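Data block below; observations after.
All figures in this text were calculated on a predicted structure; none of them were measured in a lab. Here is the naming used below: chain letters follow the sequence lines, and residue numbers restart at 1 for every chain.
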Amino acid sequence: MNNKIMSRRKFLGLSTGAVAGALFGPHLNLLMAAPEGTFDYSILPKGKREYIASNCDMCVNKCGIIGEVVNGKLHKINPNPKNVKSRGMLCAKGNAGAAIPYSPDRLKTPLLRTGKRGEGKWKEISWDEAFKYVAKNLADLKQKYENRSSVAFASTEGFQEEFYYYLVNSFGSLNTVRHTTLCLSTNIQGWSSVFGSFPDADLANAEYVIMLGSDRAQALITPDSVDFQRYKPKGQKLIVLDPRFTETGAKADRWYPIKPRTDQGFVLAMLHVIISENLYDREFVETYTHGFDELKEMVKEYTPEWAEKKCEIPADDIRQIAREFADHAPRSVIYPGRRSSFYSHEVYVRQTFAILAAVCGCWDTKGAVVPKASIPLTTHEIMFPFFGQTMDRVDKDAVNLVKDVVPSAVQCPMIGTGLPNDSCAFLSEKDGSWVTFREAVLKDDPYPVRGFFCFKQNPVQAVPNVQKTMKMLEKMDFICVIEQQMSDTAWYADIVLPHSTYLESWDPAHSLGGIWPIVEMRQPVIKPLFDTKTMFEISGGIIHEMLKIPSLWDDIEPSDLEDFKKNVVEDILDKPIQDYIKHQLSKYPGAYEQLLKEGFYTVDGGKPVYGTTRKPGFLFKSKTGKIELFNERYKEFGLFPLPKYCEPLKPQDPGEYRFLVGRNAWNTHTSTQNNPYLWEIQKENSVWLNTGEAKKLGIADGEYVRIKSKIGEQRIKAYVTEKIRPDCVFYVNGYGMKSPGMSRVYKSGASEAEIIDDVLDTISGGVCMHETFVTINKA
Amino acid sequence: MEMNFESLKKEILSQLPIKNTDSSIPGFYAMDDATALGKNRVDAASALVFKNILFYLGLIFRYPTEQIYSEIETRLDTFTDFFVDYGGAAPQLPPIEELQSEYIRLFVNNQGFVPAMPYASCYQSEGLLMSDQFYRLRQIMVKSGFMVNETVKELEDHIAILLEFCAGLLNQLASGQASSGKSSGACVAALMEVSYLYIEPMMDAFCDRIHAYAYDDFYKIAGKTLKSLMQDADTIYDQLLGFRIHSINELQG
């Protein structure tokens, strides 16, 4: 034994006086006496095993899961074999969800900022303090700006989001902004301009499928990804057009490395062939559509030979694909896909896809593109107060706001700025447009927005041009983030409220529309860890505190306030959420019990729904009530009523590459890369660079390079491959985090938010993530 | 007196109705019958000192509310020699706001990850909360007469709770609450298991990360002190309980 240890042991023997006499009061104890029978010893060591049905929340799909719980701990997440939407599948992300509640990084208690924004100084506060603090700040903002819309509310889709809107509507702001314009708003707008709605594709029964830019083998969507894997090998013919040789391309009968943003030209040429050769569905066109003659006239100029020059696909192949598509109709699918935040005028691209489906009658029948059916739930009849101090949306005047982010090269001469001349008409009021909204806030036009709430969204990482997002946050008097993890956005908040994970909470029932409509809800698979709450509880807590501040209610009628207290607070928020769910399901006896047992509910045994819109008298959501090949509203607002071809943006300098971004099957955008199980699959991203180009640049496979756009620069490993066109480079998103604390992916690979310019699609308000050009150099 | 721990353990296990059938979870599964462990005389005075040291360290590794901060501040002089002895310096308590933000940054939430996760589970198997051993800990705690206060929303293997638990066990031994051979033995077994299978394995990474990431010296010294103390645990337990453990492997079930 050495002297040092002896010295320490001496401490025990000799220095005992004061230390031994130190008395700590019982009020300091974290532990208490355990009453008899506190713990069921019989469950150890083998354990008590339970199986609890719920639904995944690792991405948008909400696949059915069965939580396998041992001694109260989630041991494993299994797929739910009966779920008709996810088809018994659970992907890597779904499996890795088992780590979510047990992540030591998760938020555990409300945190209040004590230092400067972004400095990382916080103090813990109780929920009561947090609710009071938020309510007081709302009252201060209302008083200072005399405009409830001076507070903006951002969120992303999810089962609890509807309760976030209880908070939004209780305060009375009209400024909400969601993820849609970062994802699929162009798709929704383009397809809706023809059919009045955004449909699904029946890949389980289609005979012939064309996918343009969709990578269903990697970017998983249920049931499409499952059906594509299952039915393609059984004879379904698949044509893939993508600048990259994707996993989906690898399974295709034919893959074409199409020149970016020329998909529209390819489909216009298909339309030319189908119409000129009378291969279209004449009966369907006459019965259901409007504007065929105008379409026929427009596509005359778009010959396959013309298209070949644009998209670099042989004219004969275009002609053959067009004939095959028409031959298999109506069981032919031009695949709508999901994320379409690709190029300028992307709405016209998607409108062209939809028109192809329409003229071939590939609509609302087995094996075609089919409008989503749904199982309607009972809604609570709620009237939120009508507030006097609520101004219109800040991004209403879109034309003036976004002219800086619409490159002149893509502004169509025929339509001036290329924007709708009634400003915001084509943006969803609820979704807003992230880029437009941010421009408005930065310019204080038409009024200042100084409060910002953010629920489960991470705009610092997710919205292109991070510098602008940071400037926007700097302008705020108050920022409240409701999250599960300390995201980059939460890091800049004034208060962070910890949300329970999807495995710990009751989530309301949701009707998920589709060819196989389904109702899902969530029940806790495990007991909540730490001091977190759900949005249902958080909204309730804040609203209760708001009710204690008279100035928050001085611009409504007293009777409205009383109705609000009764109908919203007492009847909904003050009651258990299970009551809310039971009310939602009240017209389906036994549905609640089935959801508890199975995790989902269907009517008619979960059979597919076809033909709703083919019934006599059905009116499509369009100005004419028909499927509009020629869009009357677009004409009214100065847009192309028919999808005339728009030229793609071109690089400004030689040596520039078009930057493409996408995802793999084991990550969801920027949210899952730090998950320990998923990180094992991929630890950093790498940039795809064509072999010939790499040779010219002297870059070897695996070598680090610098990728630079006008927005920023990143360092990343090169993946030298033949699987990408020479004029493009690509990497998956979600890596290269800025935060030194993002343990697993800090400085691992590159971030896309640091590179991508904030170019705007002119009609939908969606961002164009593939309109950025970059240079590549050795690092 | 130095005892052969391995033979002791064999003796215990041979008498047990519950066998450790799950080899993935270390531990005795022996507390009810750990009579042999309780045969030795406990140095009550030293046990009381050690109990107070552990309780005070537990306070330091809790979130410093005004009450906890005040308690730490009030008692700091009492423990100065101890810190100097084990941590090489006397810690200076920074203002409460700074300590709170430092605590959160190091142990609760940071941008992306927590530098020094205070949970024993995070240093076992997959690095996540509530490892398989966690339930074993909960069982030991309840069998020893303790549970986490219902108002405390923390996990049982948080370092502050582990230290308080050890302090509670030492108090039982020192105060004579665990006076019979059987209860004393169970108490000692629980103390050994928590010390060596939960606290000790996290010490290197936990304390080294504190040292690497802390802005302020307070937690650096506290971390160094805790680590040194646990390195010295075998000799301390030898003095307090009359036997020593030669290696952690002796405790693996």
Do you know the tightest heavy-atom contact between B:Asn149 and A:Met32?
-> CA-SD, 3.5 Å
Audit row: B:Gln67, A:Leu28, side chain to side chain contact (heavy atoms under 4.5 Å, CB included) steps and yes/no = CA-CA 9 Å; B:Gln67 183 187 48; A:Leu28 295 170; 4.3 Å; yes
Side chain, backbone, both or neither of B:Ser131 within contact of chain A (heavy atoms, under 4.5 Å) = backbone
Residue B:Tyr63 versus chain A: region with a heavy atom under 4.5 Å | side chain
Pair A:Lys73-B:Phe134, side chain to side chain contact (heavy atoms under 4.5 Å, CB included): steps then yes or no = CA-CA 10 Å; A:Lys73 185 192 174 184; B:Phe134 175 86; over 6 Å; no
Identify the two heavy atoms, one from A:Thr114 and one from B:Ser101, that lie closest to each other, and give their separation to 0.1 Å.
-> OG1-CB, 4.2 Å
Side-chain heavy-atom pair B:Met141, A:Leu31 within 4.5 angstrom cut-off | yes
Any side-chain heavy-atom pair of A:Phe24 and B:Leu59 under 4.5 Å | yes
Are any non-hydrogen side-chain atoms of B:Val148 and A:Leu30 less than 4.5 angstrom apart?
-> no
With respect to chain A, which residue among B:Met130, B:Arg105, B:Glu102, B:Gln100 yields the maximal number of heavy-atom pairs within a distance under 4.5 Å?
-> B:Met130
In Å and rounded to the nearest 0.5 Å, what is the NZ to CG distance from A:Lys123 to B:Leu99?
-> 13.0 Å
Please report the shortest heavy-atom distance between A:Pro676 and B:Leu128, naming the atom on each side.
-> CG-CD2, 3.8 Å
Heavy atoms of A:Pro104 and B:Cys122 approach each other most closely as CB-SG, 3.6 Å
Distance-only side-chain donor-acceptor flag, A:Tyr677 / B:Glu126, under 3.5 Å | yes
Compare all side-chain heavy atoms of A:Met486 with those of B:Asn110 and state whether any distance is below 4.5 angstrom.
-> no
Engaged part of B:Val108 at the chain A interface, taking heavy atoms whose separation is under 4.5 Å = both
Side chain, backbone, both or neither: which part of B:Ile104 has an atom under 4.5 Å from a heavy atom of chain A?
-> side chain
Sub-4.5 Å side-chain heavy-atom contact between B:Val114 and A:Lys108 = yes
Winner by heavy-atom pair count (cut-off under 4.5 Å) against chain A, out of B:Glu97, B:Glu71, B:Glu98, B:Glu154 | B:Glu71
Give a yes or no on whether the backbone of A:Arg106 and the side-chain of B:Asn109 come within a donor-acceptor separation of less than 3.5 Å.
-> yes
Non-hydrogen atoms of chain B under 4.5 Å away: do they reach the side chain of A:Pro528, the backbone, both or neither?
-> neither
